[in-house]
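These notes concern the structure reproduced below.
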Amino acid sequence: MSGGGPPRKRNFKIEEFKNRVELNPKYAERTWKVLEHAIHEIYNHNASGLSFEELYRSAYNMVLHKYGEKLYGGLESTMTRRLKEISRSIEVAQGGLFLEELNTKWMDHNKALQMIRDILMYMDRTYVPSSSRTPVHELGLNLWRDHIIHSPMIHSRLLDTLLDLIHKERMGEVINRGLMRSITKMLMDLGPAVYQDDFEKPFLEVSASFYSGESQEFIQCCDCGNYLKKSERRLNEEMDRVSHYLDAGSEAKITSVVEKEMIANHMHRLVHMENSGLVNMLIDDKYDDLARMYNLFRRVTDGLLTIRNLMTSYLRETGKQLVTDPEKLKDPVEFVQRLLNEKDKHDKIINVAFGNDKTFQNALNSSFEYFINLNNRSPEFISLYVDDKLRKGLKGATEEDVEVILDKVMMLFRYLQEKDVFEKYYKQHLAKRLLSGKTVSDDAERSMIVKLKTECGYQFTSKLEGMFTDMKTSQDTMQDFYAKKSEELGDGPTLDVHILTTGSWPTQPCPPCNLPPEILTICDKFRSYYLGTHSGRRLTWQTNMGTADIKATFGKGQKHELNVSTYQMCVLMLFNSTDGLTYKDIEQYTKIPASDLKRCLQSLACVKGKNVLRKEPMSKDISEDDTFYFNDKFTSKLVKVKIGTVVAQKESEPEKQETRQRVEEDRKPQIEAAIVRIMKSRRVLDHNSIVAEVTKQLQARFLPNPVVIKKRIESLIEREFLERDKTDRKLYTYLA
Amino acid sequence: MAITGASEKVALQSLKASDWHLEGAFDVFYSQPQVAVTNFRRLEELYNRYKEPDAEMIMVEGISQLCEDLQVDPQDIVMLVISWHMKASTMCEFSHEEFIGGLQSIGVDSIEKLCEKLPALRAELKDDQKFREIYNFAFTWAKEKGQKSLSLETAIGMWQLLFAERHWPLIDYWCQFLQVRHNKAISRDTWSQLLEFVKTIDPQLTNYDEEGAWPYLIDEFVEYLIENGVVQHSK
C-alpha cells in the first residue's frame, strides 16, 4: 500500500475463483507420460535416476484433479504390457533356467511393485477405495498371476517342472531347494487359492500315484519290518520337504497321502504277512519293528484297531492251546509259570513298543481272562503254584522278589472267574503247609493273604487268617502244657498239638484210628489238660493230618530219624512187637481206612531209598494178601529220612469231582442270598433283570449259571419268599 | 325262609333290599337270577346219607355211594368240578360245610337235580377262565395234606384227566419226560405254569422263548423234545 492519508478500513475478502481452473487435459496427458516412463524405468532397473518427490507429486495432482481413473487405467495397462513381455522372456528360457528366470523376474516385479505403490500411494488411499478398485499392490499380484502364472505357455510348464523336481528328489537326486522355496512362496503370496489349485492339488495327486506305485513294489519284495522302515523313511522325507520348501499347511495333507497309500491301503496285508507280520514280531520280541508299526499305524483310521484285533486273536489262540494241551497240564507249577512268562513277555512288548497304550493293555487282559477260564482247573493250578513257591521256590529270595512274584500271581488271580474254587484249594494247600511246618517264610504267607484281602475283601480271607491264629495259639498252648505238666509226663514221647478251629480249616471227617498205647497216653493227658481250661469244647483227633518223628535202629545198628505221617507211625510202631505182619493184621490193629492204608504202606515199602519195610511179594502195588517185614537192611545216606505223604498235589479225578461238587453246593446259598437281597430292595423285578443283577453281585467270586439261578428262584417260590406276578408271568414279587 | 326255602342269609338280604317289606322281599328274592331254590333240610338229609357214621366228614365210602347215585365213575372229571364248587380242601373228603356250601352254590338240593346239572357242570370245563381255576384248584386238592408238592404219580394222573378235556398234543411226551428225567414231586409253580405253557406255546414250540422265565422243568422238557426230534430246533 502506498503512503498518503491515514489507512482506509476495508474488508479484505478472499473470493473464489470465478472461473473454474481446469487442469489442462494436455497437462494430464503429459503428467501421465511422465509416470509411465517412470514405470518403465523402474522395470528396467533404472529407478535411481528418478525423483520420488516429483513422481509422487505428479500422481497426486492427477488424482486431485480428478484424473484418478486415467492414472489407474494407465497403470493397469502399462503393467499388463510389461508383464506380457516378461512372460515371453520366461517362456523362452530353456530347461533348468526356466524356474530361475521366473524367480528372478518375480523378485524384480515385487521390487518394482513396491516402488510403484509408493509413488501412487495417494491414489491408493483416496481414489482406489472410493471407486472400489483393487489396491495397487494387490493389482500387481493379480496381474502377475493372470499374465505369467496363468499364461498358457507357462502354467503347465511351471507345474510340470516343480513336480518333476520333486520326483527327482524323491528318487534320490539333490535339487535346488532354495529356488523351490521361492517359487512356492510366490504362489502362496499370490493367494492360497493359487497355491492350492496351481500346485498343491496336482502335487498331492501325483504323490498319491507315486506312493501307490512304490508301495505296490515294496510290498511284493519286502518283509513287513523292512516295508515299515521304508514307509517311515518316506514319511519323514515328506515332512522334511514341507519344512524346507513347501507351505506348512501342506504337511498334514501330504502326510495323510503317504499314510493312506503306504499304510492304510496295505494294513491287512502287512499285519498278516507270513513269517514277518505282527504275529512273528510278537513271538520274536521285535521291539523296534513293533514300535515302528505302532507309530505308523497310529496315524491311520483303524490302524491300531487292526493291530489290536490281530494281537487279541493270536493271544487267545496261543492261550487256548497252552491251557488245553494235556501235555502242558501235567505239571501245574510249570503250567502257571508258562502263563506268567507269556504275561511278562507281552507286558514288556506293550510297555516298550506300544507306549503302555491302555487299550492294548485291556486287550491283553481280556484275552488272558478268556483263555484262563477255558480250563476249569486253572484255580487249582494257580494255588499249587503259590504253594510251591511258598514251600520252597522262594527260599533265599529277598523281600522284594517275593512281592514281585506274588503280585504277578495276583494278576493271574484277577483273571479267574471262579475265585471261590481258588479259595477252596488255597485253604487246603495252606493247611498242609502250616501243619507240616513247610513254609519258607511266614512273612511271605502273610503278604499273600493281605493281597487276597485287598482284592476280595475281608470275608475271603477271614478263615485263612483264622488258620494262622490257630497255629499261634497252639504254640502258646503247648508251651503252657509242658510248663504245667512236665513232671507228669516224664520220659514219654513229645507231643506237639495243633488245635484247629472247625470251620476255618478244610478238615474232612476222619474216622478214628488206633494209636499206639504210648501215644494214646499222652494224648489223653493233653485232652484232659485242654478241656480243663476250655470246658464246653469238643476235641477230635485228626489222625489223617498229623506227622511223627520216630527214632529207628536198623540191622547193623544204624540209627535214623524217620519223619512220617501219623498213619505211618501207627503202622511202624506195630513192628516193635513183631517182625512180620500181614496186610489184614495191620488193617485190623490200626483201623486205618483201606485207601489211606494202601497209600501209607506203599510209601513205606515200595519207594526206593525210603523202604523201611519190606514187602512180600515185591510188587509195586499193595494187595490185601501182602505181608510186611521190618527192613533190617534199610540204608540211607541221610540221618533224618522223610517219608511223609502230606505234600499238596494236583488232585485225582474223583477228588476233583468231589471238590467241585462241594463248590457247587456252597454256591447255592450264595445265589439265594443274592436273590433275596435284590428282591428285598426292588420288590418287583422281571426274570432277566434278576439274573443280570445276581451275576453282577457275585462276579467277584464266580460266574453263576443262569439255569442254577432259575432253579434257586423256583426254590424260593416254593418256600414262599417270592411269587410270580399273576398277570405278567415273567415278573416276580418279594413276599415280606 | 319256610316258603322260599332260602337260607337265612339270602332271606335277610332280600328283606334288606326291599326295605323290610315282606312282599317286596319276595319280589327281590324271586327276581334274583342265580339263586336257585334249595331246601336246607333236604341238604342236611343228603349229607347225612353220605357222611361217615362216626365223623363229621364224608369220606371214601360216602363218595363212592354218591357217585353210584349219580351214575358217574368216581374217576370222572365232573367229580373234580363238583369238588371245586365245594372248595374241598382234599381229595376223597368233604366236610359238612364243603358239601352243603358246594351244593348250594351249584344250586341243587337233591340227587336228581344234581344229575340234571351234570352236563352243565361238565360244560364249565370248556370255559377258559373256569378251566384255569379248576386246574389250579386241582393241585391243592390232589396233594397230600401238609405236603407242599404234588407226588409225580398223582400229578400225571390229574394231568391226563384234565388234558383229556382240553386237548394238548404233547401231554404224553410230558408225562414220559417226567418219568424218565425228573422222578420227583411237582411244585405248585411248575403246575400252574404248565397251563400257561399249554395255552400260549404252540405244539411245535415255534413261539417258545428261552428267555421266557419258564420253570426250569419246562425248559428241560423243551430240550427233551428237541433231543428226541419231536420238534425242530428253531435257532
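Numbers restart at 1 for each chain; the letters A, B, ... are given by sequence-line order, proteins then strands.
For E718(A), the parts lying under 4.5 angstrom from a heavy atom of chain B are both the backbone and the side chain.
Contact of the R724(A) side chain with the P215(B) side chain is registered, since non-hydrogen atoms from C-beta on lie closer than 4.5 Å. For the pair K730(A)/D209(B), a side-chain contact is recorded, criterion being any heavy-atom separation below 4.5 Å from C-beta on. Looking only at side-chain heavy atoms (C-beta outward), R188(B) and E720(A) stay at 4.5 Å or farther from each other.
Annotation: E227(B), atom CD; neighbour count of heavy atoms from other residues, nucleotides and ligands within 6.0 Å is above 12. Annotation for E369(A): atom CD counts as buried by contact number, over 12 foreign heavy atoms lying within 6.0 Å. More than 12 heavy atoms of other residues, nucleotides or ligands shown are found within 6.0 angstrom of NZ on K427(A). Heavy atoms of other residues, nucleotides or ligands lying less than 6.0 angstrom from NE2 of H96(B) number more than 12. Enclosure of atom NZ in K680(A) is not indicated, since only 12 or fewer non-hydrogen atoms of other residues, nucleotides or ligands lie within 6.0 angstrom. More than 12 heavy atoms of other shown residues, nucleotides or ligands fall within 6.0 angstrom of atom NZ in K199(B).
Separation of atoms CG (L716(A)) and CG (D189(B)) is listed at 11.5 Å; rounding is to 0.5 Å.
In terms of heavy atoms, W214(B) sits closest to R729(A) at CE3-NH2, 3.0 Å.
Top candidate by heavy-atom pairs under 4.5 Å with chain A, chosen from K148(B), Q193(B), E196(B), is Q193(B).
For the pair K710(A) and Y216(B), the cation does not sit on the ring face, since its NZ or CZ is not both under 6.0 Å from the ring centre and inside 45° of the axis.
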